2 protein chains.
Amino acid sequence: MVNIGDVARAAGVARSTASYALSGKRAISDEVRLRVQQAAAELGYTPNAGARALATSRSNVIGLLAQFLPDEFAPAMLQYIQGVANTARDLGYDILLSSDPDGPAALKRLTDSRMVDGVVLLNVAEDDERLPVLRTAPQPGALVGLPGDCTGVDVFDLDFEEAGRAMVEHLVDLGHRDLVLVSQPAHVVERGGAYVWRLQNAAIEAAAQRGVRLRPVHGSSSQPDIGRDLHAILDAHPEATGLLLNNEAAAAALPTVMHDRSLSAPGDLSVVGRYSDEFARTFSLPFSSIESAPDRLGRMAVRQLVRRIEHQIPGDAPHVVRFVAPELVDRGSTAPPRRR
Amino acid sequence: MVNIGDVARAAGVARSTASYALSGKRAISDEVRLRVQQAAAELGYTPNAGARALATSRSNVIGLLAQFLPDEFAPAMLQYIQGVANTARDLGYDILLSSDPDGPAALKRLTDSRMVDGVVLLNVAEDDERLPVLRTAPQPGALVGLPGDCTGVDVFDLDFEEAGRAMVEHLVDLGHRDLVLVSQPAHVVERGGAYVWRLQNAAIEAAAQRGVRLRPVHGSSSQPDIGRDLHAILDAHPEATGLLLNNEAAAAALPTVMHDRSLSAPGDLSVVGRYSDEFARTFSLPFSSIESAPDRLGRMAVRQLVRRIEHQIPGDAPHVVRFVAPELVDRGSTAPPRRR
DNA sequence: CTGAAAGCGCTTACAG
DNA sequence: CTGAAAGCGCTTACAG
């Protein structure tokens, strides 16, 4: 493989001069710079990543810790990964993807080995075991998802409280007084999936304030179980006129379930979900929803991370906790309830 | 950060001895080995990845080139990525995920910089522009997908010819004589998506041999366009009793379309698709299908790649082109055609 | 069985 | 504006 010594020799300069000419880190005469650049191009020179990382203590790689949990709906995960990967590339970073089920160990190895300049954590839990590891690491970290303790990390998430309120308000304003909220499985809550109870508690409170009934229920996070769950839920709550979904699998399964029961939205039931527009297109979902903005969250996380890596913000700059405001995308699945 | 010098000092040995004690690459007295291992554990030593890569010319990283093309159905991609990532981890490799739209440039940078020990290519086209780059690279490469020219690379793919024949045979054996095959958009074919015509040509030939009619049509690869396409296809071919799908988006959309037309399978129409079991579960698909085995293909590709990287097979061992035999997963969506 | 030293390919103070 | 040299943290022949 051609190295910087080959380039230097071809250009007739010292290796240090070649390095500077290529990096632009100090003034080089136009003539020499051009000669070096030309030699590098002709020889097809690409710096050795390991050598550069060793010399600079920088790898230009971002670690992406994404766990494919059996109780998460995989297609929803992909969107975060794409958002992170695309933004990283645009900013000149490669992505090292770790799907290791042992998150803390994987994170420790990635940071201790200096393979990565920073990390993005997905599937963040209330009491995430990766956080203590991350806090002692020299590299900065950005999270997509809100943990209980945000010290030492930058945090980005959808404002699930506001999302819960917005869903309730929207339906109550239309005249609904009997709502059902389908959340993730209880197991996700036990694991510390705070977004479940953040949305749920806010929805319950908003419903109480408006004097309407809201029943929270759990639903499976995979097919075909969730279809069966939805049938049971609709059987159990015939009086409900509004359905709120904080469960992607439920959203994906609902059209079929409604078809089977000859129900249509918003005629028989008003429905509002919480998922991304891309997700809605993938599954052809006809339901209005709170946009969960995975691409935007991934982008925000990477941008902030890169700012810290490149010291574009002072080292002691306070860490941020930033919420994306929920926006309701109207797909026409809500209307005033039918008189009964 | 603690380095091998710190470990050596703590154990009271030379750096080289510490290195050997940890790697086991030469005989070390039990006593010294234990002292070194203990010191490493106590200090929390993790080797610097860049330094090790520089010294050994090995990074223990596999490059995964996956393009998120607008005309590919993203959820289907994820399965290949998971298969590759999980197998790599099991074999002690990290994954560098590149989603760069400029595949050849990304591949050249990854290999020239020695960031990766080998690469796995997804979305392989008939005349894939990344292949010339890969052939000149010193690292081995494994493909998921069959290109026109397989020299110098290991190739793994579903046997799409056999899949096409199997789908036709299955329906013809049941008595069907009028079939429609829904493929990917023409655009995928133009880009060189060989699996489209490999399945289609084999299906056409099998139908001709059996003396039945098979009409090949294209369908969009995204929602909601594909729903509209399917309606148009069913409108145009009322005489068809069997539907073959080589298009994931079409499979995902078909239940809704059939519902809308009050059609059921296999009563009104026999349907057989080509997708993975995991995909079927994600979308609750009720259709029998040829298993596309993305996890298995990802695993095979990584295993072979690692064998080459680690020289477990001779350097001049011939490259392989291995096809996974299609298996029909019966979900009860096919039956003899209704008499008309 | 163990140690001292060279070398991997960069970058960056240090001299001039 | 340019060059010679040190150093990043490993591994691995080379000596003993």
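Just so it is clear, the values below take in all heavy atoms, side chains as well, and ignore hydrogens, waters and symmetry mates. In what follows, chains are A, B, ... by sequence order, proteins preceding strands, each numbered from 1. Only a predicted model underlies this, so the values are computations on that prediction, with no experimental measurement involved.
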| field | base_contact_polar (D:dA5 base, A:S16 side chain, donor-acceptor, <3.5 Å) | value | no
With the side chain of [X] defined as its heavy atoms from C-beta on, choose the nearest nucleotide among [options].
X: B:I4; options: C:dC1, D:dC10, C:dG3; answer: D:dC10
X: A:V32; options: C:dG3, C:dT11, D:dT2; answer: D:dT2
X: B:S29; options: D:dT12, C:dT2, D:dC1; answer: C:dT2

Do side-chain atoms of [X] reach the backbone of [Y] as a donor and acceptor pair under 3.5 angstrom?
X: B:D117; Y: B:N60; value: yes
X: B:D90; Y: B:T87; value: no
X: B:S113; Y: A:P47; value: no
X: A:T46; Y: B:R109; value: no
X: A:D154; Y: A:H319; value: no

| A:Q82 and A:P294, any side-chain heavy atoms less than 4.5 Å apart |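 In short, these two side chains do not touch, never coming nearer than 4.5 Å.
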Between the protein and nucleotides 14-16 of chain D, which nitrogen or oxygen pairs come in under 3.5 angstrom?
residue: D:dC14; atom: N4; partner: B:R26; partner atom: NH1; Å: 3.4

| task | Indicate whether any N or O donor in one side chain lies under 3.5 Å from an N or O acceptor in the other, for B:Q38 and B:R35. | result |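 Not at all, the side chains of B:Q38 and B:R35 share no donor-acceptor pair under 3.5 Å.
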| message | What stems show up for DNA chain D when you take Watson-Crick pairs (N1-N3 plus N6-O4 or O6-N4) and G-U wobbles (N1-O2, O6-N3), both under 3.5 Å, and require three or more consecutive pairs? | response |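 Stem list for DNA chain D: C:1-3 with D:14-16, C:5-12 with D:5-12, C:14-16 with D:1-3.
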| query | Where along residues 35-60 of chain B does a heavy atom come under 4.0 Å from DNA chain C, residue by residue in number order? | reply | B:L54, B:A55
